[in-house]
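In what follows, a single structure is set out as structure tokens and then discussed.
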Amino acid sequence: MTTQTQKEKDYSNAIEVKNYINGKWVPSVTGRTFERENPANINEIVSIVPLSNQEDILKAIEAAKNAKKMWQGTPAPKRAEIIYKAGQILLERKEELARLMTREMGKVIEEARGDVQEAIDMAFYMGGEGRRLFGYYVPSELKNKWCIAVRDPIGVVAAITPWNFPIAIPAWKIFPALVAGNTVVFKPSEHTAACAAEFVKALEEAGLPEGVLNMVVATGKDCGTLLFEHPDIDMISFTGSLAVGKLACEVAGRHMKKVMTELGGKNAIIVMDDANLDLAVDGITWSAFGTTGQRCTACSRIIVHEKVYDEVIERVAEKIKQLRIGNGLDPNTQVGPLAFEAQLRKVEHYVEIGKNEGRLVIGGERYTEGECANGYFYSPTLFADVEPNATIAQEEIFGPVLSAIKVKSLDEAIEVNNSVQYGLSAGIFTQDINKALYAVQWIRTGICYVNGQGTIGAEIQLPFGGVRGTGNGHREAGIAGIESYSEWKSIYIDFSGRLQRSQIDA
Ligand code: NAD
């Protein structure tokens with residue numbers, strides 16, 4: 001970054017990350033690496049990461065393919081025991097992993113602990129699923145015949161993850177995929193490869209057999225479309241941007257592969273005139289500026305009833321003023337840096353657009369106080385009087401930028417909420433049960449909060465995902481996660497000893 005004070009790079013705590021293929025930690029065949037800097041202090045190198053190519057990916061696919069039969073033949077409760085044990089290892093190492101995460105991608109330490117906790121929760125949940133993997137028996141229309149539906153693994157899953165939840169998102173994908181009997185090629189973001197490697201190590205230490213989980217670190221560009229079209233990849237589980245999600249669906253669709261996409265968001269909080277405004281303002285601030293706005297579920301629009309609009313703007317601005325910005329390792333920090341330079345540039349780009357689309361109430365510039373001058377910090381920003389169809393009210397910014405939209409009624413608020421290309425999360429603050437339930441009924445998002453945390457705070461035992469541009473109909477987490485990573489197999493067992501014809505002899 002040109003505007004930073006130029007200092008020597010500090011490699012003293014840098015971690016060298018390798019690929020994990022067929023049970024071994026190996027460098028990329030390319031020999032190329034990428035130096036991941038701490039976004040709160042860009043002179044500190046956190047990890048040195050392999051930049052792999054398609055040859056590395058092919059090796060990982062081969063290993064996952066070869067391990068398939070052995071893993072599918074391992075009883076599900078045994079598979080699940082390994083996942084449960086990995087959860088225990090993550091629990092033991094929670095603090096260490098959280099600190100690494102804060103250094104690697106900037107989120108504040110408390111939220112980094114939450115990220116690891118989400119993976120632990122998922123491990124313990126999926127550890128239990130090994131003894132369920134729900135199937136069912138239903139009666140047959142014929143005598144002496146059973147009808148049973150069971151879950152089959154899909155095969156080799158390509159799990160492709162972004163950088164904003166470096167341990168939680170891999171856990172959402174990989175734990176249910178493994179318990180359901182799939183083997184995995186894991187392609188994490190190069191920005192959080194050290195966290196990804198630590199996640200894999202927990203499974204390795206828990207006793208996962210070689211080849212079952214393979215990790216290759218590569219940029220999207222170097223992957224090309226290989227993971228979306230290779231004949232030995234049976235399913236693609238992708239979390240990231242809409243553009244890459246569409247590419248995955250298009251290419252994989254041509255090859256009849258199952259694709260699960262978890263993409264962007266443009267989430268809103270509706271504040272009605274009867275809302276508890278103390279609660280609403282807390283929920284808005286937490287949802288909009290937690291993880292520096294870099295959550296797929298982050299609130300980036302508030303849709304406020306005209307009777308309380310001015311008061312809400314004033315109170316949110318006041319709360320923003322009190323937010324403590326800084327290095328996430330400081331337990332007092334509430335807003336950390338953006339994760340890397342391109343994120344900062346993207347936020348700056350949208351704020352420039354926003355200056356012509358609304359009234360800048362607070363923020364709108366880089367934050368360079370003290371040591372923050374050496375990182376990718378940006379002041380939490382609020383625009384008021386934004387039209388619902390403005391660019392900053394429609395496109396995902398993925399940073400600490402909030403737009404306020406004024407409405408006259410609940411119906412108008414719901415219409416504005418539903419008017420974006422994404423449909424991940426929404427929240428409403430109202431004291432009126434009828435308004436709350438009416439909103440829940442008509443809001444078109446995969447997740448909906450009433451008087452809660454705003455738009456963030458999903459728990460792992462419920463389905464997670466969204467509609468329209470956010471996803472293609474599949475869900476992560478809970479039982480829905482098992483559903484996504486398995487296929488139904490219907491089994492008919494006739495013990496009558498004669499030919500009984502369905503629909504005819506019944
Ligand atoms: P991105 O699409 O740029 O990258 C996501 C991942 O895909 C990275 O690992 C990247 O290297 C990889 N990738 C890109 N092209 C690829 C290709 N051709 N083949 C294989 N892998 C490829 O997204 P990002 O910037 O890392 O993440 C931010 C986006 O993720 C935001 O839009 C955010 O809303 C979304 N997100 C969604 C959810 C959700 O559950 N809905 C959760 C977190 C983040």
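We're numbering straight along the sequence, starting at 1. First listed ligand is number 1; within each ligand, the first listed atom is number 1.
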### Query
Knowing that exactly one of K107, M101, E111 qualifies, which makes a side chain to side chain contact (heavy atoms under 4.5 Å, CB included) with F165?
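Between F165 and the candidates, side chain to side chain contact (heavy atoms under 4.5 Å, CB included) is satisfied uniquely by K107.
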
Applying a heavy-atom cut-off of 4.0 Å, say which part of [X] lies close to ligand 1: side chain, backbone, both or neither.
{"X": "P188", "answer": "backbone"}
{"X": "L263", "answer": "backbone"}
{"X": "I160", "answer": "side chain"}
{"X": "L242", "answer": "neither"}
{"X": "F165", "answer": "neither"}
{"X": "E396", "answer": "side chain"}

Is the shortest N/O to N/O distance between [X] and ligand 1 below 3.5 Å?
{"X": "K221", "result": "no"}
{"X": "L424", "result": "no"}
{"X": "N164", "result": "no"}
{"X": "T161", "result": "yes"}

Does a donor on one side chain sit under 3.5 Å from an acceptor on the other, for [X] and [Y]?
{"X": "E357", "Y": "T391", "value": "yes"}
{"X": "K173", "Y": "S237", "value": "yes"}
{"X": "Y350", "Y": "E395", "value": "yes"}
{"X": "N374", "Y": "N43", "value": "yes"}

### Task
Name the option, out of G264, C223, C296, A218, that contains the heavy atom nearest to atom 42 (C) of ligand 1.
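Residue with the shortest heavy-atom distance to the ligand atom: C296.
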
### ligand 1 contact by G245, heavy-atom criterion under 4.0 angstrom
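Contact absent.
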
### Query
How far is atom 24 (P) of ligand 1 from its nearest protein heavy atom, and which residue and atom name does that atom have?
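I find the closest protein heavy atom is W163 NE1, 3.6 Å.
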
